[in-house]
> 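Here it is: the structure, laid out below.
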Amino acid sequence: MIQHLPARRSRLLPACLLIGTLLGCSPKETEAPPANILWITLDTLRADHLGCYGYFRNTTPRIDAFAKESVLFEDCVVPMATTLPSHLSMLTSTWPIEHGVLANVTQGGKRFVRSTGLVSFAEVVSEAGYATAGFISAKPLQSWTGIDAGFQTYDGPEQKERIAQETVDKALAWLDQHQGQSSDQPFFLWVHLFDPHAPFQPPAEFKNAFQPQPELDTFLADRGIPDLVQGPNGLDVETRPSHDLYDAEILYTDSQVGRLFDRLDQGGLKEHTAVLLMSDHGEGLGQHGVARHGLIWNELVNSVFILRAPGLAPARFQAPVSSIDAFPTLLGLLDIPGARSFLAQSSGHDLFAPEFKERPQWSQSSARLISYGLPVLYSLRRGPWKFVWNTEESTGVLYNLTEDPFESTDVSEQNLLMKVELQAELLASKQIQEQRGQVFGSGGEDAMDPKTLQDLRDLGYTGND
Ligand SMILES: [Zn+2]
């Protein structure tokens with residue numbers, strides 16, 4: 001597989017920093033100020049619905065332009081297609097089993113508990129002197145979950161969710177205030193937008209942005225998506241209108257992301273700010289009979305991962321990576337004190353490190369599905385192969401993604417040796433994750449109030465999708 005590695009930014013480490021202990025000179029006197037970090041997470045954004053990931057519709061003009069200045073990771077996999085566990089995995093660079101939060105609610109919908117061995121990236125940069133702020137758009141990321149650890153400012157909606165414009169308004173107001181008061185202090189700003197999540201109700205001016213077209217028919221046919229699929233409430237969902245409205249939500253979200261880019265362009269912030277744009281998971285939209293998310297099909301776990309950083313040459317990175325690699329990779333580019341402790345806990349890797357090698361990619365289904373008698377599924381991707389393990393039945397399924405990118409045919413019988421090999425590798429990986437999770441002491445008790453639980457139910461987080 002061809003891979004284009006970007007030029008690494010010169011770390012600008014002065015000689016006295018490298019031998020600072022010997023000479024007694026202070027790194028602070030000579031070190032360049034660390035770059036600002038803007039982390040944008042777009043909820044429920046399927047990678048194959050963005051122009052820069054090959055989609056036929058112009059859903060993301062601003063993100064596509066941004067991608068041309070960035071390193072775009074073409075094949076990023078999230079460890080779980082569920083909002084809270086996925087975000088926690090990114091922020092801690094650990095697998096869900098390691099941080100212990102295996103669902104938004106019920107059967108593993110627990111609090112993130114920091115420990116001496118397990119911290120959030122936000123804590124690392126906060127302790128390194130950054131101003132930290134998180135602006136989120138939906139209940140699954142509320143502060144009760146513990147995901148706000150390390151954020152000096154943390155702001156979420158009173159209701160179940162809020163529209164992107166409200167969240168971006170608040171984030172920009174914070175940024176203006178921060179720049180006005182302490183522009184020398186670097187910032188870590190997280191902006192989470194939720195609009196592509198169901199229900200698909202874009203603002204009026206975006207509602208009719210996309211209409212039925214022949215290319216959509218081809219897109220649906222290639223993926224085996226039927227005209228109707230059962231939604232979480234048991235009612236049939238028409239897949240064509242769903243795609244049109246979902247894409248309209250993405251176009252709206254893109255316009256709001258553009259406001260963040262515009263702000264960086266003003267006052268020279270762009271040159272001093274690393275921007276990490278990611279999605280936490282995709283959306284079924286009828287593929288494999290799934291309307292929403294939480295399972296481990298590729299359309300649910302393949303995610304968006306685009307990184308622009310000062311001095312980093314634009315490129316497209318083709319090897320499979322995990323979303324838990326994001327912050328270790330960022331730390332490899334920026335000189336941030338305290339990075340070493342974070343990297344020590346990390347199961348992710350610096351993707352630009354000289355020793356980079358392609359690694360198997362892990363995913364698992366949301367533990368809340370246990371509530372509905374469904375087994376937890378685990379998957380391991382290596383090369384062209386994807387192995388899926390069903391814990392309940394102790395059975396496995398094998399796909400060849402090169403020949404069958406949309407996972408339609410189990411080829412276990414023709415490839416028994418590969419199946420056995422991947423099964424052993426998956427179970428060994430799971431055991432290591434469990435041991436590390438015990439060391440971290442992660443996964444605090446569920447402490448959700450009834451109102452929050454009801455709000456999450458209203459968002460569809462008790463369905464079996
Ligand atoms: Zn989500």
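Counting from 1, the numbers follow the sequence of the chain as shown. Everything numeric in this text was worked out from a predicted model, so none of it was measured. Counting convention: from 1, in listed order, for ligands and their atoms alike.
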> For H281, what is the atom name of its N, O or S atom nearest to the Zn ion (ligand 1)?
NE2
> What I'd like to find out is whether the side chain of V71 reaches to under 4.5 Å of the side chain of R316, using heavy atoms alone.
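No; the side chains remain at least 4.5 Å from each other.
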> Could you label the plane-to-plane angle of the Y378 and W362 rings as parallel, tilted or perpendicular, counting under 30° as parallel and over 60° as perpendicular?
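Tilted, since the angle between the ring planes falls between 30° and 60°.
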> Of all heavy-atom pairs between P196 and Y246, which one has the smallest distance, and what is that distance?
O-CE1, 3.3 Å
> Nearest to the Zn ion (ligand 1), which N, O or S atom of D43 do we find?
OD1
> Are more than 12 heavy atoms from other residues, nucleotides or ligands located less than 6.0 Å from atom CD of Q159?
yes
> Quick one: report the N, O or S atom of D280 that is nearest to the Zn ion (ligand 1).
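It is OD2 of D280.
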> Quick check: does T83 put an N/O/S atom under 2.8 Å from the Zn ion (ligand 1)?
yes
